[in-house]
Amino acid sequence: YLGSDGRTTVACLYLEDVKDGRAFYRAARGFPGPVVVQKSNTTSLGASIAQTHTASLAVDDAVFDGMCRQANLVRVPDMKSMLTGAMALALPPMKGRRLGVISRSGGHAVIAADLAAEFGFELPPLPSGLAGYVQAHTRAGVIRPINPLDLGDLFDFDVYVELTRQMAASGQFDGLAFLHVFASTLEYEQSLRMAHAFRDLAAESGLPIAICFMADALTLVRFKREAGIPVFASPEDTIRALGLSRDHCVRKALKKDEVVQRPLTGAQVDGVRAFLAGRRADGSPLTGVDAFRVLELIDVPVAPYAVAASPAEAALRARTLGGSLVLKLLSSDVSHKSEVGGVVVGLTPDEVEAEATRMNARVHDVLPGARLEGFVVQQRVRGLREVLLGVRQDPTFGPMVVTGLGGIYTELFKDVSIRLAPISDVDADAMIGEVVSFKALRPWRNVPASDVPFLKDVLYRLAHLAAEVPELRDLEINPLRVLKEGHRGWVLDARLTVAP
């Protein structure tokens, strides 16, 4: 409705819950302007209160956050940030990182420089010729013609406007900030005329000109009402707002040319559906081997493995595989095999039978009622990085895909990124960029780069699978061993659940 009224340029939403996640996602993506979202009800206590107030149930906040990033919604933590965001996005968009700052206070100029670095801005030098213009209007010669520009003893409001005009026309900046310390009531009318001039200049130049007006509360309220442009109350809010505008603008430009990746063939999708239907029909429990077979059907490489029903058969399979081996318990009742002694790494073929016998005994002592269905013997794969990849059907948003830090530390650090499936090339790049530990995928000193294109290909395949096969409730690869660039990688372990 707001997107169709022809008048709303920025939408602000306060949410406690989302009932139909996909419909919300489509509406948010279809809105013609920026959407700022504050969502509460993100904790168990918040959920209990919300239930009494609105009868709502909390959605998974990590999924909601990933959806916001995917739809380029501006998610904010509090009401003040929502208002700051709305003000920032009502200005012309900040299309790059080049920021120019003019300040009436030397201290605020220094603060602005620190904030610019914190929010990822560059501070280009002032345009040629501007230094002479400044020096011609100063009285004591104390102004240093640098960016941020401290106006020092320059008190001419017409000069302020002209300085800003020249900076906007120079082509050297993507946005400007004017930090205005209000000296006395004698300057109010001059300040107001300056704000109106900045409003017109922003419209002419297409650059955001963010004005920070520092005064007493009553004067600030009056000035905001009469200025006709967004007015910020502190340097921190001003620079943060421009950073928010820049990030939104950059993501919007990337999204414009994104391509949703659907790498699977119809035959592959049909093959997975047939396999899962067969497993549900006969009531068989799902094991890691079932997950391996699904992955093989969609051309995701699994490290060479063999299944054995007994320790003796495990030894036979081990000799066929050869090399350094990993022995794993095969049981649909055990999700985290390493926690119960169900994984042993670095065995020779001759050691497998005795270790399999000991493994059965260990697991039986820890989990007496668990079904022990055999063993998986797998070639040991050494490589650079362990990555988590997974998909599941979210009750609110439907199919989603996740990637992040793999191995035994996944649940400890929760360093993951989430998107709704299927995903685009832009989504995949953003996901990989959001995972802090994925900095290790880049080359570092003597360590080569990991095969990121391979990781993205597996991500696309899983996301496409989740979107096409809703009966696949969840599928997790942990870990995917990613090798060095150009050498792809291998799935080492996986688990699978099918909807009843």
Side-chain angles (χ1 to χ4, degrees), residues 18 20-31 59-60 62-73 251-276 291 294-301 387-404 416-435 438 451-478 480 482 488-489 491 494-499:
V18 176
D20 187 338
R22 287 284 166 157
F24 177 81
Y25 174 70
R26 289 191 295 269
R29 288 203 65 162
F31 185 76
V59 302
D60 187 319
V63 178
F64 181 84
D65 196 64
M67 180 278 302
C68 287
R69 295 171 187 267
Q70 193 168 7
N72 198 18
L73 310 186
R251 288 193 299 265
K252 182 178 179 180
L254 290 172
K255 284 287 185 180
K256 182 179 178 181
D257 299 318
E258 70 177 344
V259 178
V260 175
Q261 303 295 312
R262 301 179 185 272
L264 303 183
T265 66
Q268 288 175 314
V269 172
D270 291 343
V272 171
R273 300 194 76 164
F275 175 77
L276 295 180
V294 167
L295 294 170
E296 289 165 340
L297 286 170
I298 61 172
D299 289 338
V300 174
V387 171
L388 165 79
L389 289 165
V391 293
R392 73 176 173 89
Q393 301 294 328
D394 183 80
T396 302
F397 288 98
M400 46 146 287
V401 61
V402 58
T403 188
V416 298
S417 179
I418 298 173
R419 292 294 187 274
L420 308 188
I423 60 172
S424 70
D425 50 349
V426 174
D427 294 329
D429 288 335
M431 293 179 75
I432 291 171
E434 289 168 11
V435 179
F438 279 4
D451 199 330
V452 174
F454 166 72
L455 171 58
K456 289 166 67 174
D457 180 66
V458 178
L459 198 58
Y460 295 142
R461 291 175 183 275
L462 290 181
H464 189 187
L465 182 68
E468 295 291 333
V469 186
E471 59 266 38
L472 193 157
R473 190 163 67 188
D474 61 70
L475 170 62
E476 180 184 289
I477 299 171
N478 188 18
L480 175 74
V482 182
R488 294 173 61 77
V491 173
R495 55 184 178 178
L496 169 69
T497 305
V498 181

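Because the structure is predicted, anything quoted here is derived from the model rather than measured.
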Residues R251, E258: salt bridge by 4.0 Å N-O rule: no

Least distance between heavy atoms, A463 atom then A421 atom: O-CB, 3.3 Å

Check: V491 and V458 side chains under 4.5 Å, non-hydrogen atoms: no

Side chain to side chain donor-acceptor pair (under 3.5 Å) assessment of D299 paired with Q268: CA-CA 9 Å; D299 289 338; Q268 288 175 314; 3.0 Å; yes

L496 CG to F275 CZ distance, which is reported to the nearest 0.5 Å: 7.5 Å

Between NZ on residue K256 and CG on residue L254, distance to nearest 0.5 Å: 12.0 Å

Stepwise side-chain contact (heavy atoms from CB on, under 4.5 Å) check, D257 with V426: CA-CA 9 Å; D257 299 318; V426 174; over 6 Å; no

Side chain proximity check, L264 to Y460, heavy atoms < 4.5 angstrom: no

Chi angles and distances behind the side-chain contact (heavy atoms from CB on, under 4.5 Å) call for F438, T403: CA-CA 10 Å; F438 279 4; T403 188; 3.6 Å; yes

Contact check, side chains of T497 and L475, non-hydrogen atoms, under 4.5 Å: no

K255/D427 ion pair, N-O < 4.0 Å: yes

Donor-acceptor contact below 3.5 Å, side chain S424 vs main chain V259: no

Between CG on residue L295 and CG on residue L480, distance to nearest 0.5 Å: 9.5 Å

CA sep, side-chain torsions, deciding dist, call: L462, I477, side-chain contact (heavy atoms from CB on, under 4.5 Å): CA-CA 10 Å; L462 290 181; I477 299 171; 3.9 Å; yes

Donor + acceptor pair across side chains of D474, Q393 (<3.5 Å): no

Verdict with reasoning, D429 to K456, per salt bridge (Lys or Arg N to Asp or Glu O under 4.0 Å): CA-CA 8 Å; D429 288 335; K456 289 166 67 174; 2.7 Å; yes

Test item: F31 and L73 side chains (from C-beta on) under 4.5 Å apart, heavy atoms: no

NZ/NE/NH1/NH2 to OD/OE distance under 4.0 Å, D60 and R392: yes

Donor-acceptor contact below 3.5 Å, side chain E468 vs main chain A466: no

Over all atoms of both residues, closest heavy-atom pair of S417 and M431: O-CE, 3.3 Å

L465 side chain reached by V294 side chain, heavy atoms, under 4.5 Å: yes

Note, L459 side chain near V401 side chain (heavy atom, < 4.5 Å): yes

Closest heavy-atom pair and its distance - R473, A499: CB-N, 3.8 Å

Sidechain-backbone polar pair: R22 side chain, F397 backbone, donor-acceptor under 3.5 Å: yes

Any residue meeting side chain to side chain contact (heavy atoms under 4.5 Å, CB included) with E471, in chain and number order, not counting sequence neighbours: R273, L276, R280, V469

Inter-residue atom distance I418.CD1 - M67.CE, 0.5 Å rounding: 12.0 Å

Considering all heavy atoms, the nearest P301-R488 contact: CD-NH2, 4.0 Å

Exercise: identify the closest heavy-atom pair between N478 and E476: CB-OE2, 3.7 Å

Side-chain touch M400/V391, heavy atoms, less than 4.5 angstrom: no

Side-chain touch Q70/Y25, heavy atoms, less than 4.5 angstrom: yes

Audit row: D270, V272, side-chain contact (heavy atoms from CB on, under 4.5 Å) steps and yes/no: CA-CA 5 Å; D270 291 343; V272 171; over 6 Å; no

Over all atoms of both residues, closest heavy-atom pair of Q261 and P422: O-CB, 4.3 Å

